[in-house]
Amino acid sequence: MTPDAPDDPRVVPFDDETTQVLLLRRWVSRILRAGALASGILLLAGIVAHALSAGPALLIPPARLDPDQVAQAFERPSAAGVVLVAVLVLALTPLTRVILSAGIFARSRDRPMLAITAFVLAMLALTILGGVAF
Amino acid sequence: MTPLVDLGGGGSTVLLLLLLVAIGFASGLLGSLIGIGGGLFLVPTLVLGFGLDIHFAVAASLLAVIANSSGSASTYVEQGLTNLRLGMFLETTTVIGGLLGALLSVTVLASHSDVLALGFVPAVVVGAILMFRAPRAGPDPDAPSSPLADRLDLGGEYEDEETGARIRYRTNHPAEGLSLAGVAGFGSGLLGVGGGIFNVPAMNAVMNVPLRIASATSLFMIGVTASAGVLVYFLAGDLLLFVAAPVAFGSLLGSVVGSYYQFHAGSRWIRAMFIVVLLVAAVLMAARGVGYLQ
């Protein structure tokens with residue numbers, strides 16, 4: 001039996017507005033918590049690695065969101081690479097929860113709220129695409 | 001060649017990193033307790049205390065705001081304190097405002113840090129005034145209805161702290177709320193503040209949202225607003241990794257601790273202390289903006 005089958009007792013009635021709110025609460029809080037936890041661990045690891053490796057003065061290269069740099073961070077892990085990934089995880093956590101919310105609104109056929117979240121999503125996507133092109 | 005920024009004039013790296021974590025922690029704690037992002041405290045501290053260019057301070061602050069939002073909003077969302085539909089509705093204009101503010105900062109004002117520093121002053125003063133005024137704890141039961149707010153179901157219910165009763169509230173003036181949220185978003189992108197200091201009074205006083213719900217909803221919203229802004233600064237090369245990282249980490253820790261206490265310290269003495277800090281910061285930022293302070 002598929003989870004979407006109407007006679008499946010596990011199926012949540014999606015036309016129930018309260019169910020939508022409860023789903024939103026559950027998943028949004030999980031996404032935010034996961035993003036905070038993952039980025040927190042990565043930030044701590046990167047900061048400790050930097051503290052152990054850096055010289056007496058804190059010389060800091062400004063970072064750019066460069067796809068090559070991100071790829072390098074995975075290939076050759078360094079303190080800066082770990083922090084870069086942490087920053088990306090943190091910065092993209094709100095975006096992820098907007099995507100998730102849009103999905104929940106789409107499933108519950110809540111068109112006005114779907115349009116609202118899609119608009120926010122489009123603005124964030126535009127920022128990333130516009131910035132990379134720039 | 002990658003330009004380098006010497007922060008701290010020869011101070012020990014570990015000490016500087018710890019200091020930045022501590023500052024982030026303080027801003028995250030305060031922000032989570034009061035329902036704001038903490039940028040109003042962070043940006044002046046980084047500019048005046050560490051001699052950072054305000055663009056770098058704003059970028060680091062925005063990352064800390066996201067950390068604060070993610071850390072504390074997860075708790076408030078789970079507990080049902082956050083009005084998710086209202087937050088997402090208001091995010092439409094805060095995101096646009098955040099984008100425009102950040103774009104203005106990294107283009108037109110890229111080489112005008114003094115102007116940005118001066119721009120911070122009215123934001124801080126308005127923020128202090130808004131914090132000073134007594135908020136309305138509960139919703140107005142006689143508030144007029146709004147067809148748009150009703151259609152989008154932007155109202156909700158909350159548990160009264162004294163009686164334990166669940167009270168329904170309806171929101172109104174959505175257009176005004178959207179406009180004010182857009183202004184808050186613009187301030188966020190331009191000056192690195194979360195915008196909560198404007199969002200909370202806007203929701204509370206204009207849209208008839210109970211104070212605790214407004215604070216939790218604002219903390220939820222500012223993550224998306226700051227995300228739009230920080231991506232712009234990041235793409236412009238204004239994000240100093242090892243300034244932003246410890247500040248964001250500290251802010252994350254502070255927000256988790258703050259959300260445990262749940263706005264209890266919305267109490268007068270913390271607000272009063274914060275207002276004094278803000279006003280001192282405003283004076284120092286003004287001095288920096290006009291060149292009296294380097």
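Residue numbering restarts at 1 for every chain, and letters A, B, ... go by the order of the sequence lines. In what follows, every heavy atom counts, from backbone to side chain, and hydrogens, waters and symmetry copies are set aside.
Taking chain A as the reference chain and counting heavy-atom pairs below 4.5 Å, the highest number among B/G71, B/S255, B/P246 is found for B/P246. No other option in B/L84, B/L18, B/V14 has as many heavy-atom pairs under 4.5 Å with chain A as B/L84. Most heavy-atom pairs under 4.5 Å with chain A: of the set B/V224, B/T93, B/L62, B/V256, this distinction falls to B/V224. The residue among A/V48, A/L42, A/L43 with the most heavy atom pairs within less than 4.5 Å of chain B is A/L43. Each of B/V21, B/L99, B/V95 has some count of heavy-atom pairs under 4.5 Å with chain A, and the biggest count is that of B/L99. Among the candidates A/G46, A/G40, A/P112, the residue making the largest number of heavy-atom pairs closer than 4.5 Å to chain B is A/G40.
Heavy atoms of B/V230 lying under 4.5 Å from chain A belong exclusively to its side chain. Proximity to chain B is limited to the side chain of A/V98, based on heavy atoms less than 4.5 angstrom apart. In this structure, chain B has no heavy atom under 4.5 Å from any part of A/R30. At a 4.5 Å heavy-atom cutoff, the contact between A/R33 and chain B is made by backbone and side-chain atoms alike. Both the backbone and the side chain of A/A91 come within less than 4.5 Å of a heavy atom of chain B.
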Before you tell me yes or no, could you show the steps for B/L240 and B/L52 under side chain to side chain contact (heavy atoms under 4.5 Å, CB included), namely the whole-Å CA-CA distance, both residues' side-chain angles and the distance that decides it to 0.1 Å? CA-CA 10 Å; B/L240 299 178; B/L52 272 186; 3.6 Å; yes
Verify side chain to side chain contact (heavy atoms under 4.5 Å, CB included) between B/V247 and B/L63, making sure each step is shown before the conclusion. CA-CA 8 Å; B/V247 167; B/L63 194 70; over 6 Å; no
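The two atoms that bring B/G223 and B/I66 nearest to each other are O-CG1, 3.8 Å, heavy atoms only. In plain terms, the two heavy atoms of B/M221 and B/T94 that are nearest each other are CE-CG2, 3.8 Å.
A parallel orientation is assigned to the rings of B/F242 and A/H50, their planes being inclined by less than 30° (bins at 30° and 60°).
Under the 3.5 Å distance criterion, with hydrogens and angles disregarded, no donor-acceptor pair is assigned to the side chains of B/N83 and B/T217. There is no side-chain donor-acceptor pair under 3.5 Å between B/Y76 and B/S215.
A/M113 has its side chain within reach of A/I116: a pair of non-hydrogen atoms, C-beta onward, lies under 4.5 Å apart.
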